[in-house]
K.L.:
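Encoded as structure tokens, here's the structure I'll be asking about.
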Amino acid sequence: MRVSASPRWMMAPVFIGALGWAFESTLPPIHPVLTTEEGQQVAFDRFTWQSRELAKKLDVSEPWPGGEAMRGALKRYGLAEGAPPEAIPVPARITSDIYLVGQDHVSNLTYMIDCGPEGVAIIDPTYESEFERTLANVEKCGRSRKEIHWVVNTHCHVDHAMADKKFRDLGAKIAVHEADAAAIEKGTRVTAYFLVQEDTGKVASFPHCPIDLRLSDGEELRLGNKVFEVIHTPGHTPGSACFLLRSDGKNVLFSGDTVLYDGRLGWQGNPYADNRQYLFSLQKLNNFTLNAAKVQWDLLLPGHGAIAMDKAYLDVQKDLDLVGLLLADGREIPSVPFSLPEYRKHMFGRPAAKLQ
Ligand SMILES: [Zn+2]
Ligand SMILES: [Zn+2]
């Protein structure tokens, strides 16, 4: 044990008499982080890494494999061994005040932001079933569950917002863009249209949760010692929003399902998605300015999959290019791009990502 003025993210703080803060047990930084051929530092989950590597190796004339065929293809190209773990290990420190505290079986990601002595904020708490695990991870980061004073949703979908009510019962204030607020309060078809009861039109299993902070575009959301810029990015849902936070001198983009790593997109197959709006929202992010200065996105902290530790502007640009191309051709927008010939041609010829 040592007495130190180290930033408190490094250690679980314990108050010891007049000595002040003492610290023990380090929390690891996010890992493994690989360097891609684009020079981007990326924390990969296995699905994203394997799909991306296979897209580079599989001949464009071959159909994208599914099920058993996928296992065979991964083996054939030596991608079954040495791949990153299935999920990014959690909890993990992403910056000095942002942590990964949740990642469920379909790769939904939950983040915690240290907002100083006033408490912590959770971004997208995902399913109710993840609640206890998320709390345990918050505590492993050195903060108590009682310090969770805010939950911010990137949008209302069940896989991002279902646990809101449990966190509110714990004392947190719940924030979401005003256009998605009713969906969380009432549990509507927008929340999870596939779970809707035909007789009532409501989602039976979605815990209705009052919204305390209805956000609007351009608003500065002040939570403790942090300021989040609210960027309304409709398209995936009517009230989808992204958040800009400065951390360690970097522009962090909390992007929900609006921007995902390396051309992956939100699921636009739901009946409340609007592809035109989605395109405009991606343009808005790509050209985003704050105080008359263009914002260059550094960290991409999305709702699913891999995390880009730098050069997040690449991912915004790729999503914009892909959606623009597909819409111009009147084609459907797939949430995972790997089977698209454009994606595979674009990737073809790149050297494999190197393990650091
Ligand atoms: Zn969604
Ligand atoms: Zn999602």
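All ligand and atom numbering here is 1-based and tracks the order in the structure.
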K.L.:
Report the name of the N/O/S atom of His157 located nearest to the Zn ion (ligand 1).
P.N.:
ND1
K.L.:
What's the OD1-the Zn ion (ligand 2)-NE2 angle here (Asp257, His160), rounded to 10 degrees?
P.N.:
80°
K.L.:
With Ile98, which of Val101, Leu100, Thr95 fulfils side-chain contact (heavy atoms from CB on, under 4.5 Å)?
P.N.:
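Going through the options one by one, the only one that passes is Thr95.
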K.L.:
Can you tell me which N/O/S atom of His155 has the shortest distance to the Zn ion (ligand 1)?
P.N.:
NE2
K.L.:
Considering only NZ, NE, NH1 and NH2 on the basic side and carboxylate oxygens on the acidic side, decide whether Asp319 and Arg264 come within less than 4.0 Å.
P.N.:
no
K.L.:
Which heavy atom of Pro84 sits nearest to which heavy atom of Phe44, and what is that distance?
P.N.:
CB-O, 3.7 Å
K.L.:
Looking only at heavy atoms, which two atoms of Asp212 and Ala172 are closest? And how far apart?
P.N.:
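Closest approach of Asp212 to Ala172: OD2-O, 4.1 Å.
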K.L.:
Just give me the atom name: the N, O or S atom of Asp159 closest to the Zn ion (ligand 2).
P.N.:
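Considering only N, O and S atoms, Asp159 comes nearest to the Zn ion (ligand 2) through OD2.
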